[in-house]
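Each chain gets a letter, A, B and so on, in the order its sequence line appears, and its residues count up from 1.
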Amino acid sequence: MPELPEVEVVRRGLHDHVVGRIVANVAVQHPRAVRRHIAGPADLEQRLTGATITGTARRGKYLWLVLDHEDALLVHLGMSGQMLVVPSGLAPSTHERVRFRFADDGPDLSFVDQRTFGHLMFDAGGAALPSVIAHIARDPFDAEYDVAAVAARIKKRRTGLKRALLDQSVVSGIGNIYADEALWAAQLHGARPTEKLTKPQIIRALDAAREVMAQALGQGGTSFDALYVNVNGASGYFDRSLHAYGQRDVPCARCGTPIRRESFMNRSSYSCPKCQPRPRNGRF
DNA sequence: CACAGCACCTGCCCGC
DNA sequence: TGCGGGCAGGTGCTGT
């Protein structure tokens with residue numbers, strides 16, 4: 001589910017609910033949830049136990065909890081991951097993968113993930129960017145994000161525009177939904193070859209991506225429940241504000257032409273046939 | 001090296 | 001009611 005706005009809502013919730021607390025116990029319920037932690041579940045549990053959570057950070061769709069002793073817990077929610085703040089000792093839900101208990105006996109933290117594409121791993125980098133995500137590019141909300149530089153890089157590539165927007169090593173945080181929304185706003189088809197686009201066109205798409213994610217973040221933030229840290233912030237945005245994604249046959253908000261659905265990489269792309277004409281030699 | 005395709009999972013919904 | 005196929009918002013690995 002989660003793209004940058006949803007992950008940022010989760011980060012903010014975690015910041016409010018777990019920073020300053022001491023981890024008393026970690027229980028990995030499903031080893032796949034920590035598969036990227038090579039030393040194994042027991043090692044992860046042991047390294048986190050006794051640590052104080054001192055802060056939170058995020059890049060793109062990755063977030064991490066900063067720990068004392070210059071360590072960090074890296075989190076990726078995958079397609080279905082949630083970080084829930086639940087009453088202490090609550091029985092695990094069906095898809096709970098990891099449970100954290102704290103020394104203050106306050107609410108637990110539960111990592112729930114139906115499809116198990118998400119994962120947690122320990123990192124020794126502290127507040128600095130974890131080394132395993134060194135390849136993840138800055139996202140549009142990063143203070144050092146340089147839209148002109150990203151556009152220049154995209155123009156040098158030989159691929160389709162949507163592929164480039166989804167490539168987390170070029171610009172991070174954009175997923176299938178916000179890519180489609182950005183392309184709709186920029187009135188560009190995702191199969192447009194990157195090298196044939198002008199730099200202003202690419203910047204238009206990148207700026208649209210940032211704008212649509214900023215709007216989603218605003219709405220996701222307002223639907224945040226004080227008790228639960230969740231990724232449902234997206235649902236409000238889903239229903240009200242999507243112009244393209246999932247809108248097959250719905251009249252385009254700009255011109256009234258029914259939105260079309262195309263298949264791409266075994267997933268769906270939605271666009272307006274009139275506002276976003278498909279290029280002759282497109283690269284989907 | 002850059003790029004495209006596929007694997008990795010579970011559950012739901014649809015048509016037959 | 002059961003079964004098969006399609007679909008779901010992500011990433012990393014592998015082959016070309």
Side-chain angles (χ1 to χ4, degrees), chain A residues 1-10 29-38 58-64 74-83 93-97 111-121 130-137 139 153-184 190-191 193-195 209 212-213 215-217 219-220 230-239 241-248 261-271 281-284:
Chain A
M1 284 170 107
E3 302 183 29
L4 186 152
E6 294 74 41
V7 176
E8 175 61 12
V9 168
V10 172
Q29 332 265 33
H30 195 310
R32 195 175 139 75
V34 298
R35 64 193 176 281
R36 291 192 69 196
H37 187 76
I38 307 302
R58 182 190 56 71
R59 175 176 284 198
K61 302 169 196 171
Y62 281 91
L63 69 86
W64 60 99
L74 184 64
V75 178
H76 196 284
L77 300 173
M79 296 279 263
S80 56
Q82 296 172 282
M83 290 293 257
S93 60
T94 310
H95 303 298
E96 179 171 287
R97 309 306 185 195
F111 176 60
V112 177
D113 186 14
Q114 180 202 108
R115 292 176 70 187
T116 71
F117 286 138
H119 62 90
L120 309 183
M121 69 180 287
S131 55
V132 290
I133 59 165
H135 63 292
I136 302 293
D139 62 61
R153 238 188 109 187
I154 289 178
K155 191 164 168 53
K156 279 182 199 153
R157 304 196 55 165
R158 297 221 171 264
T159 187
L161 179 57
K162 183 170 176 178
R163 286 193 113 102
L165 292 176
L166 291 174
D167 187 334
Q168 306 296 301
S169 69
V170 174
V171 53
S172 69
I174 304 171
N176 202 32
I177 294 177
Y178 297 111
D180 277 3
E181 292 302 305
L183 290 165
W184 180 87
T194 48
E195 76 275 18
V212 76
M213 290 195 293
Q215 284 176 14
L217 188 52
Q219 296 186 26
N230 61 40
V231 296
N232 292 333
S235 60
Y237 186 72
F238 253 37
D239 297 339
S241 307
L242 293 178
H243 293 297
Y245 183 81
Q247 306 300 302
R248 173 151 62 167
R261 174 189 177 279
E262 293 170 292
S263 203
F264 155 70
M265 289 170 72
N266 279 337
R267 47 178 42 131
S268 299
S269 289
Y270 299 89
S271 58
N281 299 309
R283 295 231 185 88
F284 238 176

Please identify the 5'-most and 3'-most nucleotides of DNA chain B with any atom under 4.0 angstrom from a heavy atom of chain A.
dC3(B) to dG11(B)

Which atom of [X] lies closest to which atom of [Y], heavy atoms considered:
X	Y	value
Val7(A)	Arg58(A)	CG1-CD, 3.7 Å
Ile174(A)	Gln168(A)	O-NE2, 3.0 Å
Arg115(A)	Ser80(A)	N-OG, 2.9 Å

Which is true for [X] with a 4.0 Å heavy-atom rule: it touches a base, it touches only sugar-phosphate, or it touches nothing?
X	answer
His30(A)	nothing
Arg261(A)	sugar-phosphate
Phe264(A)	nothing
Arg267(A)	base

Taking atom [atom2] of [N] as reference, at what distance in whole Å does atom [atom1] of [X] sit?
X	N	atom1	atom2	result
Arg163(A)	dT11(C)	CZ	C1'	14 Å
Gln82(A)	dG10(C)	CD	P	16 Å
Asp113(A)	dG10(C)	CG	P	13 Å
Leu120(A)	dT11(C)	CG	C1'	15 Å
Lys61(A)	dG10(C)	NZ	P	4 Å
Arg115(A)	dT11(C)	CZ	P	13 Å
Leu4(A)	dT11(C)	CG	C1'	16 Å
Phe117(A)	dA8(C)	CZ	P	13 Å

Which residues share a side chain to side chain donor-acceptor pair (under 3.5 Å) with Gln29(A), sequence neighbours left out:
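So Gln29(A) forms a side chain to side chain donor-acceptor pair (under 3.5 Å) with Glu96(A).
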
Would you say Thr116(A) and Arg32(A) are linked by a side-chain donor-acceptor pair, where the criterion is simply a distance under 3.5 Å?
yes

Heavy-atom nearest nucleotide on DNA chain B taken for Arg32(A) and for His95(A); more 5' hit belongs to Arg32(A)

Would you say [X] places a side-chain N or O within less than 4.0 Å of OP1 or OP2 belonging to [N]?
X	N	result
Tyr245(A)	dG9(C)	yes
Arg36(A)	dG12(C)	yes
Tyr62(A)	dG12(C)	yes
Gln168(A)	dT11(C)	yes
His76(A)	dT11(C)	yes

Between dC9(B) and dT14(C), how far apart are the P atoms? Round to whole Å, please.
15 Å

For Gln114(A) and Val132(A), take the nucleotide of DNA chain C holding the closest heavy atom to each; which residue's nucleotide lies nearer the 5' end?
Gln114(A)

Look at the aromatic rings of Tyr270(A) and Tyr245(A) and report parallel, tilted or perpendicular, splitting at 30° and 60°.
perpendicular

Is the count of non-hydrogen atoms from other residues, nucleotides or ligands lying under 6.0 Å from Arg158(A) atom CZ greater than 12?
no

Taking Watson-Crick and G-U wobble contacts under 3.5 angstrom, with | marking pairs to another strand and [ ] crossing pairs, the secondary structure of DNA chain C is written .|||||||.|||||||

In Å and rounded to the nearest 0.5 Å, what is the CZ to CG distance from Arg267(A) to Asn176(A)?
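Nearest 0.5 Å value for the CZ-CG distance: 5.5 Å.
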
Between Asp180(A) and Lys162(A) (salt bridge meaning N to carboxylate O under 4.0 Å), is one present in this structure?
yes

Side-chain contact, heavy-atom cut-off 4.5 Å: Ile136(A) with Tyr62(A)?
yes

